[in-house]
Structures are given as C-alpha cells and as structure tokens.
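A short worksheet on the structure shown next.
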Amino acid sequence: MNRKVVVQRVFPETLVLILDKRKSMVALKVLNSESLLLLDKDGVVLEFVENSSLPTITVQEQILGLSIGQKLENKFTNAAMVFYLTYKTQGIKGSVLAQKTLRFELSDGPVVLYSLDKDPQTSVGALQLILSRSRIEGKLPKIIDLQYSKPVVRYN
C-alpha cells in the first residue's frame, strides 16, 4: 500500500529506492457493519479493523463491494479530508455522514454542517473564521451551516 515508489540510479553503482507509504487518516463506520474502514487522504481503503483510535465518521448508507486498496467516491474522500482538518484544528472525535452532508458537534457546543461538494480547505477555513469571530464577540452560535454559498450561522 504505497502511494508512490521512486527508483533512482546514482552513478557509478548506487540504486536509491524511495517509498511513500499510505497513512491512515480517518476511520469510517459503515451502516450495519461491525468493522471500521481506515482511509488515507486519497480515499483509499487501507484496512478493516474492529476498533481504532482515529477520528471516526459514521456513514448512514450501505457501501457495497468494499476491498482493501479500493478508492472510494469523492464524497467520502472530501468527508475524510474535511473531518480530518476540522479534527486537527478543533479536536472533535466523531461525525455523521448522510447524503452529501457531514454533521458533527464541536467540543464547545456548536453543531457544524458541511457540504461535500465544496473544497475541504475552504470550508474548514470558513469555520475557523466564524468561530474566531464568535469567540471575540463572546457568544458562540448554536448551528454553523456551511452547505450554501454563504455560511448560515444560528444563535439561540
């Protein structure tokens, strides 16, 4: 399970081999399945495990014909990337993926909804701006909806 393998010949008699291994980024818990799928940043299934310490996305639909090394649809890749970036910046542990919406709750309260049709880094950047602005103002929103062209922020 390598992402890239590079072989170089260095004269006079040296051969250099560079291996770029795939690393697990998030775990997917698929509906009606006991095992978790570990995904890398490209959406490739690396392995099936019973439990994991990685942040977990619960998928509310069936995914048929899964195998190790298979690349999943773009919505799963985008969900994994958005969730991983948000996990790194906000420290969340779990989320739910239904249709084309990723939903999770931050540790300090707000519920966040992401659209998987948008660029993951843009969405996470927008969330960070909204949260920093809200913390400066002293009131946190109840729901941050990033599914539309302009974010929808709802307070109590």
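Any value given below was found using the heavy atoms of this structure, including those in side chains, with hydrogens, waters and symmetry copies removed. Treat the numbers as computed from the prediction; the structure is a model and nothing was measured.
Annotation for Lys29: atom NZ counts as buried by contact number, over 12 foreign heavy atoms lying within 6.0 Å. The environment of Gln121 atom CD is sparse: at most 12 non-hydrogen atoms of other residues, nucleotides or ligands sit within 6.0 angstrom. Residue Glu34 places its CD atom among 12 or fewer non-hydrogen atoms of other residues, nucleotides or ligands, all under 6.0 Å distant. The number of heavy-atom neighbours closer than 6.0 Å to CD of Gln99, taken from other residues, nucleotides and ligands shown, is 12 or below. No more than 12 heavy atoms of other residues, nucleotides or ligands shown are found within 6.0 angstrom of CZ on Arg103. Annotation: Arg133, atom CZ; neighbour count of heavy atoms from other residues, nucleotides and ligands within 6.0 Å does not exceed 12. Crowding of Lys71 atom NZ: a count of heavy atoms from other residues, nucleotides or ligands under 6.0 Å exceeding 12.
At a threshold of 4.5 Å between side-chain heavy atoms, the hydrophobic network of Ile, Leu, Val, Met, Phe, Trp and Tyr places Val112 and Leu129 in two separate groups. Leu116 and Val96 fall into different hydrophobic clusters, where Ile, Leu, Val, Met, Phe, Trp and Tyr are joined by side-chain heavy atoms under 4.5 Å apart, directly or via other members. Hydrophobic clustering of Ile, Leu, Val, Met, Phe, Trp and Tyr side chains at less than 4.5 Å, counting indirect connections, keeps Val5 apart from Val10. Following chains of ILVMFWY side-chain contacts shorter than 4.5 Å, one can reach Leu15 starting from Leu19, so the two form part of one hydrophobic cluster. Follow the hydrophobic side-chain contacts under 4.5 Å out from Tyr87 and you reach Leu85 in the same cluster.
No side-chain heavy atom of Pro120 sits less than 4.5 Å from a side-chain heavy atom of Tyr114. Between Val26 and Leu54 there is no side-chain heavy-atom pair separated by less than 4.5 Å. With a 4.5 Å cut-off on side-chain heavy atoms, Gln90 and Val124 do not count as touching. Side-chain contact between Glu50 and Ser35: present, with at least one pair of heavy atoms (C-beta onward) separated by less than 4.5 Å. A heavy-atom distance below 4.5 Å is found between the side chains of Leu72 and Leu66. Residues Leu113 and Val152 fail the side-chain proximity criterion, which asks for heavy atoms closer than 4.5 Å. Between Glu105 and Ile92, every side-chain heavy-atom pair lies at or beyond the 4.5 Å cut-off. Considering only heavy atoms from C-beta on, Val45 stays 4.5 Å or farther from Leu38 through its side chain.
Remark: the backbone N or O of Asp42 is paired with a side-chain donor or acceptor of Asp40 at under 3.5 angstrom.
Here the closest heavy-atom approach between residue Ser95 and residue Phe104 is recorded as CB-CB, 3.5 Å. Among all heavy-atom pairs drawn from Thr77 and Lys41, the shortest one is CG2-O, 3.7 Å. Heavy atoms only, all atoms of each residue included: Pro151 and Leu146 are closest at CB-CD2, 3.6 Å. Taking both residues in full, the closest heavy atoms of Leu37 and Phe48 are given as CD2-CE2, 2.6 Å, listed atom of the first, atom of the second, then distance. The heavy-atom pair separating Ile68 from Leu46 by the smallest distance is CG2-O, 3.3 Å. Between Ile57 and Ala79, the shortest heavy-atom distance links the atoms CD1-O, 3.7 Å.
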List the steps and the verdict of side-chain contact (heavy atoms from CB on, under 4.5 Å) for Leu106 and Leu131.
-> CA-CA 10 Å; Leu106 297 177; Leu131 287 174; 3.5 Å; yes

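To the nearest 0.5 Å, atoms CG (Asp145) and OG1 (Thr101) are separated by 8.0 Å. In this structure, the separation between CG on Leu140 and OH on Tyr155 is 8.0 Å, given to the nearest 0.5 Å. Atoms CG and OG1, from Asn51 and Thr56 in turn, are 9.5 Å apart once rounded to the nearest 0.5 Å. How far OG of Ser123 is from CE of Met81: 12.5 Å, rounded to the nearest 0.5 Å.
Salt bridge status for Lys100 with Asp117: present, with a side-chain N to carboxylate O gap under 4.0 Å.
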